[in-house]
Structures are given as structure tokens and as C-alpha cells.
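What follows is a set of notes on a single structure, which appears directly below.
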Amino acid sequence: MRILVIGGAGYIGSHVARALLDSQHEVTVYDNLSSGKPENLFSEADFVKGDILDYPLLETTMKRGFNGLIHLAALKAAGESMYEPEKYSENNIVGTINILNAAARCKVNRFVFSSSAAVYGEPTYLPIDEKHPTNPENYYGFTKLEIERLLSWYDKIRGIKFAALRYFNAAGYDVDGRITGLEVDPENLLPIVMEVAAGMRPKLKIFGDDYETRDGTGLRDYIHVTDLADAHVKALNYLEKKNESLMVNLGSETGITVKEMVESTRKITGQPIPAEVVDRRAGDPAVVLATAKLAQKVLGWTVKHSDVNTLIASTWEVYKSHNQKK
Ligand code: UDP
């Protein structure tokens with residue numbers, strides 16, 4: 001298929017573009033390179049440097065004709081979304097409306113959307129399935145939920161079939177080392193732990209060790225980005241075959257605590273990784289854990305790389321060169 005990957009130079013988007021190319025799809029990446037990286041682009045894919053707030057360019061690009069699109073272009077810092085909501089309204093919601101309008105007018109009828117476990121908010125039961133109430137704790141999660149609702153309307157009225165993929169905690173790097181762009185100013189645990197291991201920041205702050213978990217630190221469901229990417233390819237195939245919309249969780253169903261992540265990273269990297277326990281971060285639940293049975297059933301998707309060792313070792317491969325440069 002001919003696929004437009006919007007946000008395809010970013011951390012997850014570049015892994016998705018790689019997976020599509022590996023499955024013999026034709027790929028065009030559309031990205032404004034605000035957080036995406038030129039080194040995340042592949043020579044086999046076309047590239048359009050563009051912003052999702054640039055409606056005319058989106059429409060011109062989509063007029064080239066695509067069998068589907070994958071939309072990963074978004075701001076994703078949950079904390080920041082609570083003090084700069086306007087940025088999130090504009091980039092995430094207005095930007096997606098532009099994409100939907102261009103897709104409707106250019107008849108791009110398959111839409112895979114990067115959604116998030118943030119749509120659920122504080123879990124009321126575990127593991128979280130797709131029927132769990134949606135009650136976002138932050139404005140970022142609200143933008144993702146609102147976009148899912150927009151997608152449902154464009155499905156009903158315009159026949160755009162969508163797959164909303166609710167990611168849990170994405171981590172890891174391409175195990176074949178083909179993607180090496182580092183995220184700038186990361187806010188997520190594993191890249192921060194890696195920056196400490198590589199000497200790029202002095203120490204890790206552990207946000208609370210008095211949660212009701214096995215060691216008191218937050219427990220999350222980490223999913224390897226290559227497993228995530230594979231689910232996007234499967235979601236496109238599903239939309240092509242079934243012509244039916246879908247909302248699914250993508251998680252590994254395995255919980256790792258902050259302390260476990262740090263301890264395993266110390267072992268794998270051989271680096272000391274100084275860490276200090278600080279106050280809890282506002283809005284952080286103790287445990288977030290998915291059930292991904294639906295994705296397994298309808299997409300035939302299973303995780304292959306989401307064990308803690310692969311998550312850490314594949315990330316260290318990318319960060320360790322920075323350690324050597326010290
Ligand atoms: N965390 C931490 N220190 C950091 C970043 C994250 O202790 O510098 C913890 C956070 O409190 C949570 C887990 O690591 O328990 C995963 O956080 P992340 O921001 O990666 O993802 P979230 O689950 O919040 O989307």
C-alpha cells in the first residue's frame with residue numbers, strides 16, 4: 001500500500017516507517033522536524049517537510065494519492081499540557097482536524113491514530129481493558145480522547161475507517177540499530193535513565209517510593225517500539241480487509257517498577273546511575289497495566305521484544321556512543 005506517515009521522523013514514527021518499508025509498503029513521511037530528526041529518515045521513503053497546521057500543504061500532499069495514513073504528529077508531554085494547554089489544543093486537536101479534513105477531501109479512507117493509555121486516567125481496575133472508563137488526568141490525554149471522538153464522527157459521516165492505538169509506555173530502539181536519533185529533553189523514564197548512564201545528566205529523580213507496589217515505586221507496562229510499530233502495519237492490514245474501525249490497547253501486559261528499571265539498567269550498562277527519591281509527580285498513578293487481548297485477537301499481534309533486557313539493551317546501544325564521546 002501507499003502510506004503517508006505523519007510524524008514519521010519522530011521516535012515512534014521512524015520505527016513505524018521502518019516497519020512499513022520492511023513489509024514492502026511505499027512510504028511518504030510528512031514531518032515538521034520540530035522533534036523529529038533528519039537522521040530518522042530512510043532513503044527508500046519520500047519526505048515532505050511540513051506542519052500539520054499547514055492545511056494547504058497537507059491537502060497538496062494527500063492529493064498524490066494514498067491507501068492509508070498513520071498520524072503520529074503530536075505534542076506528548078503530559079505535565080506541560082497542564083500549563084500550556086493552548087499548544088496542545090492547536091497542535092494535537094486543530095492539527096488532527098486539518099488531517100481529517102484533507103483525508104476526507106482527498107479520499108484517504110484508512111487512518112491509523114497514535115492514541116494513548118492517558119485516555120483512561122487513574123485506573124479504577126487492573127489490568128486496563130478497552131471498556132475501562134475514559135477519564136483523562138491531564139490535558140494531553142484529553143486531546144487524544146477528543147481525537148478518538150472526532151474519528152468516530154468522520155467514520156460515520158465520511159466513511160474514514162480508523163484504528164486508534166492506545167499505547168502504554170513506549171520504550172526501546174530498533175534491535176537492528178537502524179534508528180539512532182535521540183529524543184531531546186526526554187520526559188519519560190527509560191531515556192532519562194539512559195542519559196544518566198551515558199553521563200548526559202547527573203542523576204535520576206525517582207518520583208516517590210511510597211506507592212502500593214512491590215518496591216514502592218511506580219509500575220508501568222513498557223512496550224518495545226518495534227512491537228508497537230508492527231501493530232501499525234497489522235492495523236492497516238485489518239482496515240483494508242475488514243473495513244471496520246477499531247480502538248485497541250497496545251501493551252506488553254508486564255509491569256516493571258522504576259527501581260527495577262534502574263537496577264536492570266545498572267546491570268546491563270555497567271554504569272552506576274545515581275538516583276535519588278523525590279516527591280511524587282502530580283497525577284501519577286501507582287500502577288498502569290494493560291490487557292492487550294483484543295489486539296492479540298483482532299490483529300493477531302503479539303509482543304516479541306518487550307522484555308526488560310531487550311528494552312534496555314536496545315536503548316543502550318544508541319546511548320552508549322554518547323558515553324564513549326565523554
Ligand atoms: N519516573 C521517575 N522519574 C523520571 C521519569 C519518570 O521516577 O524522571 C517514573 C514515573 O513516576 C512513572 C514511571 O517512571 O512511575 C514512568 O513514567 P513516564 O513519564 O515514563 O511515563 P508515564 O507512565 O507517566 O506516561
Side-chain angles (χ1 to χ4, degrees), residues 1-31 36 40-42 44-48 52 58 61-74 96 99-100 102-116 130 144 147-148 150-152 154-155 158-168 170 174 178-179 223-251 292 294-305:
M1 287 191 265
R2 275 170 64 85
I3 307 298
L4 182 63
V5 185
I6 302 175
Y11 166 59
I12 299 177
S14 55
H15 286 84
V16 168
R18 188 64 261 162
L20 288 166
L21 292 165
D22 290 347
S23 309
Q24 317 310 323
H25 293 291
E26 246 180 84
V27 174
T28 298
V29 167
Y30 185 103
D31 199 302
N40 283 346
L41 297 168
F42 302 104
E44 312 94 289
D46 276 344
F47 174 57
V48 177
I52 57 175
L58 273 175
T61 306
M62 283 196 217
K63 275 191 185 138
R64 294 184 188 178
F66 291 95
N67 306 104
L69 71 82
I70 301 183
H71 169 31
L72 313 101
T96 305
I99 296 171
L100 270 169
R105 290 176 185 135
C106 300
K107 307 261 176 293
V108 182
N109 290 330
R110 298 183 191 105
F111 194 123
V112 178
F113 173 60
S114 292
S115 190
S116 167
E130 290 79 359
K144 292 286 172 181
I147 294 164
E148 289 189 355
L150 287 165
L151 285 165
S152 295
Y154 276 70
D155 174 358
R158 286 285 176 244
I160 294 178
K161 298 299 164 191
F162 70 88
L165 306 181
R166 292 173 171 171
Y167 308 159
F168 282 66
D174 178 52
R178 295 169 297 176
I179 296 168
I223 173 91
H224 194 285
V225 64
T226 299
D227 287 331
L228 270 189
D230 175 46
H232 292 69
V233 179
K234 290 190 157 69
L236 276 172
N237 293 339
Y238 174 92
L239 293 176
E240 189 194 17
K241 281 204 191 77
K242 304 270 174 171
N243 200 35
E244 233 174 57
S245 294
L246 178 73
M247 281 181 198
V248 279
N249 287 347
L250 296 179
L294 185 63
Q296 288 159 16
K297 188 169 141 213
V298 299
L299 300 179
W301 174 78
T302 47
V303 298
K304 296 190 181 75
H305 307 287

Checking Leu246 against Leu299 for the side chain to side chain contact (heavy atoms under 4.5 Å, CB included) test, could you report, in this order, the C-alpha distance in whole Å, the side-chain angles of both residues, the deciding distance, and whether it holds?
CA-CA 10 Å; Leu246 178 73; Leu299 300 179; 3.8 Å; yes
Evaluate Glu26 against Phe66 for side chain to side chain contact (heavy atoms under 4.5 Å, CB included), listing each step before the verdict.
CA-CA 9 Å; Glu26 246 180 84; Phe66 291 95; over 6 Å; no
Start with the C-alpha gap between Val248 and Trp301, add the side-chain angles, then the distance that decides, and say whether side chain to side chain contact (heavy atoms under 4.5 Å, CB included) holds.
CA-CA 11 Å; Val248 279; Trp301 174 78; over 6 Å; no
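When all heavy atoms of Val233 and Ser23 are compared, the closest pair comes out as CG1-OG, 3.7 Å. Among all heavy-atom pairs drawn from Ala292 and Asn249, the shortest one is CB-O, 4.1 Å. Leu228 and Ala170 make their closest contact through CD1-CB, 3.6 Å (heavy atoms, listed as atom of the first residue, atom of the second, distance). Between Tyr11 and His15, the shortest heavy-atom distance links the atoms O-ND1, 2.8 Å. Of all the heavy atoms in Gly251 and Phe168, the pair that sits closest is CA-CB, 4.2 Å. The minimum heavy-atom distance linking Asp31 with Ala9 is given by the pair OD2-N, 2.8 Å.
How far CD1 of Ile6 is from OG1 of Thr61: 8.5 Å, rounded to the nearest 0.5 Å. Atom CZ of Phe113 sits about 6.5 Å away from atom CG of Leu151, to the nearest 0.5 Å.
Looking at His232 and Leu72, their side chains come closer than 4.5 Å, going by heavy atoms from C-beta outward. No side-chain heavy atom of Val225 sits less than 4.5 Å from a side-chain heavy atom of Tyr167. Using a 4.5 Å heavy-atom cutoff, the side chains of Leu236 and Leu20 are in contact. Looking only at side-chain heavy atoms (C-beta outward), Val16 and Val112 stay at 4.5 Å or farther from each other. At least one side-chain heavy atom of Leu100 sits under 4.5 Å from a side-chain heavy atom of Phe111. You'll find the side chain of Met62 reaches within 4.5 Å of the side chain of Ile99, heavy atoms only.
Salt-bridge formation is not detected for the pair Asp227/Lys304: no Lys NZ or Arg NE/NH1/NH2 atom is positioned less than 4.0 Å from an Asp or Glu carboxylate oxygen.
Applying the salt bridge (charged side-chain N to carboxylate O under 4.0 Å, His left out) rule to Arg166 yields the partners Glu148; only residues at least two apart in sequence or on another chain are considered. Under the rule for a side chain to side chain donor-acceptor pair (under 3.5 Å), Ser116 has no partner lying at least two apart in sequence or in another chain.
Checked against a 6.0 Å centroid threshold, the rings of Phe162 and His71 do not count as neighbours.
In Arg64, the CZ atom is crowded: over 12 heavy atoms of neighbouring residues, nucleotides or ligands sit closer than 6.0 Å.
Under the 3.5 Å distance criterion, the side-chain polar atoms of Asp155 are left unmatched by any main-chain donor or acceptor of Lys161. The closest donor-acceptor contact from the side chain of His224 to the backbone of Thr226 lies under 3.5 Å. Checked by atom type and distance alone, the side chain of Arg110 pairs as donor or acceptor with a backbone atom of Asn67 at under 3.5 Å. Side-chain atoms of Lys234 never come within 3.5 Å of backbone atoms of Val298 as a donor-acceptor pair (strictly under, hydrogens ignored).
Paired with Asn109 under the rule side chain to side chain contact (heavy atoms under 4.5 Å, CB included), one option of Ile160, Leu239, Asn243, Leu69 passes, and it is Ile160.
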